[in-house]
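All heavy atoms count here, side chains included; hydrogens, waters and symmetry mates do not.
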Amino acid sequence: MTTLPMNMRDHWYWRPGWGVGRRFWTWHLTFEEQDDVHRLAAEYRSKLAPLESRLTLIPDRWLHCTMQGIGFVGETAQADVDAVVAAARVRLAAVPAFDAEIGPATVDEEAVILPLRPGQPVQDIRNAIRTAIDDVLHEVPESADGFFPHMSVAYNAEDGPSAPVVEALNSRRFQAARARITAARLIVIHRDRQMYEWETYASVPLNGHCPSMV
């Protein structure tokens with residue numbers, strides 16, 4: 001993420017299979033009750049607010065780190081979903097809970113993103129989830145390669161140059177946030193209103209789950 005794009009594109013175009021009313025099974029890390037994460041996200045939203053006509057700023061409720069999809073609701077058998085959750089409980093029980101640092105932000109082609117570090121424990125969670133899916137479905141959607149652990153704080157909502165976004169971020173220093181990662185969530189997600197919104201179907205704890213240290 002060392003080379004910033006000259007231009008940004010609209011994040012909200014419809015990907016294949018998506019449309020209003022579609023729902024999708026996917027695993028995320030989410031940040032409920034993570035006060036320091038919410039502090040940092042609020043600072044970014046405040047700084048990016050003058051660009052709100054072209055950016056979709058993400059409220060605390062919908063902050064997340066995308067992990068691994070399963071499939072569209074209605075195209076994946078409910079019994080298989082439940083079996084994946086059961087397999088994930090076994091696999092994730094071997095993955096330790098950990099502290100993560102989030103930020104500072106950088107700009108990619110569609111969003112303002114904050115890396116999660118260290119990245120390997122996040123990758124370990126994804127690997128465990130992918131193994132659980134393979135245990136049940138004997139195939140895993142989405143590529144194992146190219147995963148970059150991050151949390152977005154804004155999505156670009158129109159095509160245009162990146163310079164105004166980069167300049168806004170460079171105009172002050174932001175202190176990275178600390179988060180305690182204790183679980184992965186299987187959620188049912190949609191994007192009907194140009195925001196990723198979801199309901200949690202299952203929260204699966206990591207080894208050593210304990211109250212937030214933030």
Side-chain angles (χ1 to χ4, degrees), residues 1 24-41 58 60-73 76-106 111 113-153 176-189 196-214:
M1 304 301 297
F24 191 75
W25 297 104
T26 189
W27 292 87
H28 278 184
L29 304 182
T30 59
F31 301 98
E32 297 86 354
E33 300 180 5
Q34 297 276 0
D35 292 345
D36 201 38
V37 177
H38 297 171
R39 180 269 309 166
L40 181 59
I58 304 171
D60 293 341
R61 180 181 181 183
W62 304 124
L63 296 170
H64 63 276
C65 174
T66 301
M67 297 295 289
Q68 173 66 46
I70 297 178
F72 285 105
V73 172
T76 306
Q78 186 67 52
D80 287 342
V81 172
D82 291 338
V84 168
V85 172
R89 291 191 187 280
V90 174
R91 297 291 181 177
L92 290 172
V95 179
F98 63 97
D99 292 309
E101 182 178 271
I102 302 179
T106 189
I113 63 175
L114 284 67
L116 269 68
R117 299 186 179 93
Q120 187 58 53
V122 185
Q123 182 69 63
D124 292 343
I125 296 173
R126 185 172 190 254
N127 290 344
I129 291 169
R130 289 179 60 86
T131 301
I133 294 171
D134 190 51
D135 289 341
V136 175
L137 302 180
H138 310 298
E139 62 178 350
V140 184
E142 305 175 4
S143 174
D145 300 326
F147 177 65
F148 177 68
H150 68 274
M151 181 189 82
S152 297
V153 292
R178 297 285 293 177
R180 180 74 178 166
I181 307 300
T182 62
R185 293 179 184 267
L186 178 63
I187 62 177
V188 181
I189 197 168
Y196 292 107
E197 301 172 300
W198 62 80
E199 295 180 359
T200 298
Y201 185 76
S203 180
V204 179
L206 306 180
N207 188 307
H209 178 286
C210 62
S212 171
M213 297 175 61
V214 179

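T30 places no side-chain N or O within donor-acceptor distance of the main-chain N or O of E32, the cut-off being under 3.5 Å. Of the possible donor and acceptor atoms, one in the side chain of R117 sits under 3.5 Å from a partner among the backbone N and O of G103. Not one N or O on the side chain of R126 forms a donor-acceptor pair closer than 3.5 Å with the backbone of P149. Put simply, the side chain of N207 never gets that close to the backbone of V95: no donor and acceptor are under 3.5 Å apart.
Closest approach of L29 and A183 over heavy atoms only: CD2-O, 3.5 Å. Nearest approach of W62 to W198, heavy atoms of both residues: CZ3-N, 3.2 Å. Counting all heavy atoms, side chain and backbone alike, P104 lies closest to P115 at O-CD, 3.1 Å. L63 and A41 make their closest contact through CD1-CB, 3.7 Å (heavy atoms, listed as atom of the first residue, atom of the second, distance). Of all the heavy atoms in H150 and I113, the pair that sits closest is CD2-CG2, 3.6 Å. Closest non-hydrogen pair, V37 versus A179, comes out as CG2-CB, 3.6 Å.
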Give the intermediate values and the outcome of side-chain contact (heavy atoms from CB on, under 4.5 Å) for residues F24 and V188.
CA-CA 5 Å; F24 191 75; V188 181; over 6 Å; no

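In this structure, the side chains of I102 and F31 come closer than 4.5 Å at one or more pairs of heavy atoms. Residues D82 and Y201 are in side-chain contact: their nearest non-hydrogen atoms beyond the backbone lie under 4.5 Å apart. Taking 4.5 Å as the limit, some side-chain heavy atom of D124 sits within range of a side-chain heavy atom of Q120. By the 4.5 Å heavy-atom criterion applied to side chains, F147 and V122 are counted as neighbours. Between H64 and S152 there is no side-chain heavy-atom pair separated by less than 4.5 Å. Two residues are said to be in side-chain contact when any heavy atoms from C-beta on lie closer than 4.5 Å; L206 and I181 meet this criterion. Put simply, the side chain of W27 reaches to within 4.5 Å of the side chain of L186, judged on heavy atoms.
Remark: E199 CD is loosely packed, at most 12 non-hydrogen atoms of other residues, nucleotides or ligands lying under 6.0 Å away. When the shell of 6.0 Å around CZ of R61 is examined, it contains 12 or fewer heavy atoms from other residues, nucleotides or ligands.
With values rounded to the nearest 0.5 angstrom, D35 atom CG is found 9.5 Å from D60 atom CG. Once rounded to the nearest 0.5 Å, the distance linking OG1 of T26 with CD1 of I70 reads 7.5 Å. How far NE2 of H28 is from OG of S203: 13.5 Å, rounded to the nearest 0.5 Å. Remark: E142 CD to M67 CE distance equals 11.0 Å, nearest 0.5 Å. Rounding to the nearest 0.5 Å gives a distance of 15.0 Å between CD of E33 and CZ of R180. To the nearest 0.5 angstrom, I189 atom CD1 is 10.0 Å from T200 atom OG1.
Side-chain polar atoms of R91 and T131 form no donor-acceptor pair below 3.5 angstrom.
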